[in-house]
Amino acid sequence: MTTLRLLKTSFTAGEVAPPLLGRSDLAAYENGAARLRNVFIHPTGGVTRRAGLRHVGRARRMLERYAAPTAMTAPNGGTAAHANDDDLSTKLTTGALNATDNFVVVRYDLGSAQAVLFADALELSVAAGAASAEFRIQHSSDDASWTDFGRPLAVDTAPASARRAAADGQPVARRYWRLVRIGTTSLGAASLGGFHLWREGAAASAGRLVSFAFNTEQTYLLCFTDRNIAVYAGDTAVANIPSPYAAAPLPAPGATYGAGRAGQFAWAQSADTLLLAHAEVPPLRVLRRLVMQGGVPVEDWITAPWRFIEEETKETNGTLIGKARRQPYHKFADPDVTLTPSGTTRDTSVTITASAPAFAAEDVGQRFRIAQREIEITAVASPLSATALAKETLKSTAATKDWEEPAFSPRRGWPVSCDFHQDRLVIGGTRDLPNRLWLSKSADLFNFDLGEGKDDEAIEFAILSDQVNAIRAVFSGRHLQVFTSGAEFMVTGDPLTPASVQLKRQTRVGSPTGGYVPPRDVDGATLFVARSGRELREFLFADVEQAYQSNDLALLARHVMTGAIDQDYDAQRRLFHLVMRDGSLATVTVYRAEQVTAWSVQH
């Protein structure tokens, strides 16, 4: 039988699905291939073998915490057990440091020498001033001679969390561990949310990678594994940061991949700050800063909670009312439920009585708002009664239906997604308010005061339609784009103001609900994974229709989309990579101007 050999010079259709191999009538058949493995396709149609990988470092295994020291002491005041629990809201607060040298905040006795890989000082702050090199984590074998564990901790009045390790990155086996201030700067009292010691377990950890670009010269890669963020600059690990996200163990080959919470959080970056959001975990900021230690600037990586602006409020006649926290609020209870305060005086304790169940233990430490005036819950006696500190002078002791609680809280859940658009911080959805959007004041990212609806003030609205639309991602493109579990929307307004904002549904595809797959911009189009995980959609604005369309880029190569769980774009080579649940990596070369959509698979 005669064999016909054809010279094929273009693969701009990439690998096509097996059902299409007999469809010679399709243009994709002429420029496609039955199988393209470990190759990259050029926009011009050529194919080159994928380069090999270079070993950079070992990802951390699952972490285990020393949760039960033999003895815990706080010799200078405070409850030592608060440093060892999992609740960062319970603080160990010392007496005033003043000028006392060798001031021990907390000390642990592990009973015997134990190998410690990481030591965390969580939400550490001081009442006044700042110290860039006075706080140390130290270890000892005899409780007499102490050695520093990593660099000093830079501390100021804002709570921040830092992680320290030995200089060579290897575990250190010691019995005694402490957090201590070595110095004489007068700083007031110290407050500590947690002092945690960690060792590495046997199981490998799943995780995810996030890029962090401070500028064109300083770029980093953040490797999220079980409760750790490893920071890489080039091929070098430069820091480790504590993470609240527990990861799943790395599955066996062939098993379905899942990273746990370490693969479910959303993020957005602005300058030297990376915002992290997860519906079950308080939102965080990852900060890169320079501190002076030893007379030289040192790169310091920390995490810190989101801090909403607090402003002094006044009556129209100038009388001081108090301080208000400019965070989003919402009334979750029935509209007819009332609250009655026992007093109105600012900075005094008042009893709040509800007409129906309204309080829970998780409300302690949260700000409520009664007739636009704030109180801070200090104790909950029952669902009908709570004690609070009046942060502002209340208007009346009469029962009122005009009250709200925080939209973000341990009780109601935390933000699902976030991004920046037109100089505003955009927050999309929470666990208990999945279809709601909040936009901060213009140029004031953590101020969500709705005010009087002026052009620069905050914006808040819900997505109301004929189906459930839980927000899964928000993305700043040509318009503010909102990706939900059932549809895609655009938010218009040029500029966006409380009066001009409009929400319009564009397509009904939906996004994954089991995790966060970040939408990515490619040549002005937003590429997102459909809810099924089997489609890669191109969300593109059509000038003729003045609306967005969602074309499926994987229509001719459905077999390579086995369930996408992460994605990113290499703009230099025009390669769009998608990680699948089965551990494979699909790559599509995208060049819309030449109608190139070419798939290959990496193993």
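Given the structure is predicted, the values throughout are model-derived calculations rather than measurements. Side chains are part of it too, since the values below use all heavy atoms of this structure and drop only hydrogens, waters and symmetry mates. For the single chain, residues carry numbers from 1 onward in sequence order.
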What closest approach, in Å, do [X] and [Y] show between heavy atoms, and which atom pair accounts for it?
| X | Y | result |
| --- | --- | --- |
| Q366 | S409 | OE1-CB, 3.8 Å |
| E488 | S550 | OE1-OG, 4.3 Å |
| A564 | V529 | CB-CG2, 3.8 Å |
| T219 | A213 | CG2-CB, 4.0 Å |
| A247 | A206 | CB-O, 3.4 Å |
| A266 | S417 | CB-CA, 3.9 Å |

Just so I know, are the side chains of [X] and [Y] near enough to count as touching, which here means a heavy-atom distance under 4.5 Å?
| X | Y | result |
| --- | --- | --- |
| V126 | F135 | yes |
| L209 | Y232 | no |
| S355 | V337 | yes |
| R478 | M490 | no |
| F408 | F308 | yes |
| L433 | F332 | yes |
| K331 | K401 | yes |
| D523 | V590 | no |

> Do V231 and I241 pass the side chain to side chain contact (heavy atoms under 4.5 Å, CB included) test, and can you show the C-alpha distance, the side-chain angles, and the key distance before you say yes or no?
Replying inline: CA-CA 8 Å; V231 181; I241 319 173; 3.6 Å; yes
> Would R520 count as a cation-pi partner of F576, with NZ or CZ less than 6.0 Å from the six-membered ring centre and within 45° of the ring normal?
Replying inline: no
>> Distance to the ring centre below 6.0 angstrom and angle to the axis at most 45 degrees; does that hold for R288 and Y220?
In response: no
Donor-acceptor under 3.5 Å ([X] side chain, [Y] main chain):
| X | Y | value |
| --- | --- | --- |
| S385 | S382 | no |
| R373 | T393 | yes |
| D419 | S476 | yes |
| S161 | E123 | yes |
| Q567 | P518 | yes |
| E404 | P406 | no |
| S132 | M292 | yes |
| R431 | E280 | no |
| R424 | S440 | yes |
| R289 | D300 | no |

Side chains of [Y] and [X]: any donor to acceptor distance under 3.5 Å?
| X | Y | answer |
| --- | --- | --- |
| D87 | S89 | yes |
| H82 | T90 | no |
| D402 | T400 | no |
| E374 | Y329 | yes |
| Q467 | R508 | yes |
| T526 | Q481 | yes |

>> Please tell me whether F212 and W301 form a close aromatic pair, meaning their ring centres lie under 6.0 Å apart.
In response: yes
>> Before we go on, tell me: are the rings of F539 and F475 under 6.0 Å apart, centre to centre?
In response: no
>> As a quick check of understanding, evaluate side chain to side chain contact (heavy atoms under 4.5 Å, CB included) for F489 and N469, giving each step before the final call.
In response: CA-CA 10 Å; F489 296 81; N469 289 300; 3.8 Å; yes
> With the threshold set at 4.0 Å, does a side-chain nitrogen-carboxylate oxygen contact exist between R346 and E392?
Replying inline: no
>> Taking E538 first and then R592, would you say they form a salt bridge - that is, a charged N and a carboxylate O separated by under 4.0 Å?
In response: yes
> Do D466 and R505 pass the salt bridge (Lys or Arg N to Asp or Glu O under 4.0 Å) test, and can you show the C-alpha distance, the side-chain angles, and the key distance before you say yes or no?
Replying inline: CA-CA 11 Å; D466 57 353; R505 180 168 56 200; 3.0 Å; yes
[atom1]-[atom2] distance between [X] and [Y], expressed to the nearest 0.5 angstrom:
| X | Y | atom1 | atom2 | answer |
| --- | --- | --- | --- | --- |
| Q549 | L540 | CD | CG | 7.0 Å |
| L496 | D455 | CG | CG | 11.0 Å |
| T344 | I370 | OG1 | CD1 | 11.0 Å |
| D272 | L287 | CG | CG | 6.5 Å |

> Just one of R325, R326, K323 clears the salt bridge (charged side-chain N to carboxylate O under 4.0 Å, His left out) bar with E310, so which one?
Replying inline: R325
> What do the steps show when you test S485 against R531 for side chain to side chain contact (heavy atoms under 4.5 Å, CB included), and what is the final call?
Replying inline: CA-CA 7 Å; S485 58; R531 183 169 180 170; 3.9 Å; yes
>> Quick one, F461 with L439, criterion side chain to side chain contact (heavy atoms under 4.5 Å, CB included). Give me CA distance, side-chain angles, the key distance, then yes/no.
In response: CA-CA 9 Å; F461 58 91; L439 287 80; 4.2 Å; yes
